[in-house]
2 protein chains.
Amino acid sequence: MDALTRKQHEIIDFLLQNQASFTRPPSLDQLCAALGLKSRGSLHRIIQDLVGAGLIEAMDRKHRGVRLTEQAKKIVQPSNNSSTLRYVGIIAAGKPIEAIENTEFMTIPDEIKTENPCYVLKVKGDSMIEEGIYDGDWVIIEQRCHARNGEIVVALVDKSEATLKFIEQYPHETLLIPANSSMQAMHYQPAQIDIQGVLVGQMRSYRSMV
Amino acid sequence: MDALTRKQHEIIDFLLQNQASFTRPPSLDQLCAALGLKSRGSLHRIIQDLVGAGLIEAMDRKHRGVRLTEQAKKIVQPSNNSSTLRYVGIIAAGKPIEAIENTEFMTIPDEIKTENPCYVLKVKGDSMIEEGIYDGDWVIIEQRCHARNGEIVVALVDKSEATLKFIEQYPHETLLIPANSSMQAMHYQPAQIDIQGVLVGQMRSYRSMV
DNA sequence: TGTATCAAGAACAATAAAAGAACAAATTTA
DNA sequence: TAAATTTGTTCTTTTATTGTTCTTGATACA
């Protein structure tokens, strides 16, 4: 199969990304409208080339619209707008992270993660309640061992206790600050603290509320 | 089996979506009325093709209406497993929902949605801040038109303004209650309020904080 | 410069669909 | 039971839509 031209690529990308938004396979005219073209004559040629490449099903004069082949649909699977992250366990202030028994995975939308490796924790406790992070919420953590002041981090204290807090780092002191006015900021020696990741996303289910 | 023509597709979609609203299988004339056709002659041909495709049960002159086969009902099931939801737009208290221009879809983990149809909105404003729902958060809404007292709903006020609030419904009064102590509960006539969905999930990105 | 790609549009052929007439079978009503 | 009505079926005719094929001209690129 030859490499696709720019336009062929654009059309396939468009179709793959908008499969869901067409309730049925679009006709050439509909595609033209969606793509901003004024006439379907030239689009037809491009579609035919894609039929040749095995990415679109032949239309042979049937009026059934432009349908992607299974092969084409597979192309998009890896580059979906989400990815599967490891659900590691439960984080509760003052305790080690309680790992869950069987490794679980959760599909997390790109909107609340980053390009870098991330993992998921479930939050236990109210220490970040004023930041809108509640007991039972999930948090998405980007895995890294450094953070900037003011970021929310998973911090390992004295190699034993894990906690989710705002961090402030100074030459001779590291502060872990809760978002809960009934709790106090904690002061540590920098060596006592290991950063295990930085908060990049959060999510919550309201299903069990009922 | 060949792919369906547009009209065949439309009819199957219609039947699937309106199964519940027909007390008995619709006759050809009823279907014509529902679909805006003036004569059943042409509809019959299309139905026969669908019988041939195994999606509709053969009628053989029985006057009992059009029934989908089990196979046809399965067609929609797989898309249920998919966790791709429509990102509809932005909800800001006191304004209509501001639809986004191009239909977008977001992949939402099963943990923060339900089995029923859901859609996604972005929240603007602070009216639910004490419930941990902040300006800029996404909310996942289960699409239904009724709610129980104490649930958080997308309510359409006077057919014009949309808002996200706790709801309390009494025979002669409906209350929309914010989760923000600097705001007041609003009192309405029940007829002023249309429920457009119930909150089932929430999520937030911390990426832009940096 | 020549080549490949692409947009626009005209013209055409095939298919799909709408409308309606006429009839037969099933069902309901009187 | 008989008549009336509804429903499904089979046609034909007409219209609309969709896919196809060409030609012309513009643009990008090596």
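Because the structure is a prediction, the values reported are computed rather than measured. Quick note on labels: first sequence line is chain A, next is B, and so on, each numbered from 1. In what follows, every heavy atom counts, from backbone to side chain, and hydrogens, waters and symmetry copies are set aside.
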TODO: Would you please confirm or rule out a distance under 4.0 Å between OP1 or OP2 of dT18(D) and any side-chain N or O of R6(B)?
DONE: yes

Task: Separation of atom CD in Q8(B) from atom P in dA18(C), rounded to whole Å - done: 12 Å

- [ ] Among dA8(C), dT7(D), dG19(D), find the nucleotide with the atom closest to the side chain of H63(A).
- [x] dG19(D)

Task: Residue closer to the 5' end of DNA chain C, I46(B) versus D49(A) (nearest nucleotide) - done: D49(A)

Task: Whole-Å distance separating the CG atom of D29(B) from the P atom of dA26(C) - done: 18 Å

Task: Whole angstrom value for the distance that separates P of dT27(C) from CG of D60(B) - done: 12 Å

Open item on the list: Check this for me: M186(B), atom CE, are more than 12 non-hydrogen atoms of other residues, nucleotides or ligands nearer than 6.0 Å?
Closed with: no

Task: Whole angstrom value for the distance that separates C1' of dT20(D) from CD1 of I47(A) - done: 13 Å

- [ ] When you get a sec, tell me which of dT17(D), dT21(D), dT10(D) is the closest nucleotide to the side chain of H44(B)?
- [x] dT10(D)

TODO: Using a strict cut-off of less than 4.0 Å between a Lys/Arg side-chain nitrogen and an Asp/Glu carboxylate oxygen, indicate whether D137(A) and K122(A) qualify as a salt bridge.
DONE: no

Open item on the list: Quick check for you: among dG8(D), dG9(C), dA16(C), whose closest atom lies nearest to any side-chain atom of K38(A)?
Closed with: dG9(C)

Task: Length of the line joining L43(A):CG and dT21(D):P, which is rounded to integer Å - done: 14 Å

- [ ] Would you kindly say whether S205(A) and E111(B) are connected by a side-chain donor-acceptor distance under 3.5 Å?
- [x] no

Open item on the list: Counting only side-chain heavy atoms from C-beta out, which of dT9(D), dG20(C), dA13(C) sits nearest to M59(B)?
Closed with: dT9(D)

Task: Beyond-backbone contact of Y206(B) with I133(A), side-chain heavy atoms, under 4.5 angstrom - done: yes

Task: Spacing of R61(B) atom CZ relative to dA25(C) atom C1', expressed in whole Å - done: 6 Å

Open item on the list: Does dA16(C) have OP1 or OP2 under 4.0 Å away from a side-chain N or O of R64(A)?
Closed with: yes

TODO: Among the candidates dT20(D), dA17(C), dG8(D), find the nucleotide nearest to the side-chain atoms of T5(B).
DONE: dA17(C)

Task: Residue mapping more 5' on DNA chain D - nearest nucleotide basis, S42(B) or S27(B) - done: S27(B)

Task: Options dG20(C), dT7(D), dT20(D), nucleotide nearest the side-chain atoms of R40(B) - done: dT7(D)

Open item on the list: Distance check needed: dA7(C) P versus I11(A) CD1, whole Å only.
Closed with: 7 Å

Open item on the list: Could you tell me how far apart L28(A) (CG) and dA14(C) (P) are, to the nearest whole angstrom?
Closed with: 18 Å

Open item on the list: Can you see if the side chain of K7(A) gets near the phosphate of dA7(C) - specifically, an N or O under 4.0 Å from OP1 or OP2?
Closed with: yes

Task: Any donor-acceptor N or O pair under 3.5 Å, side chains Q202(A), Q202(B) - done: yes

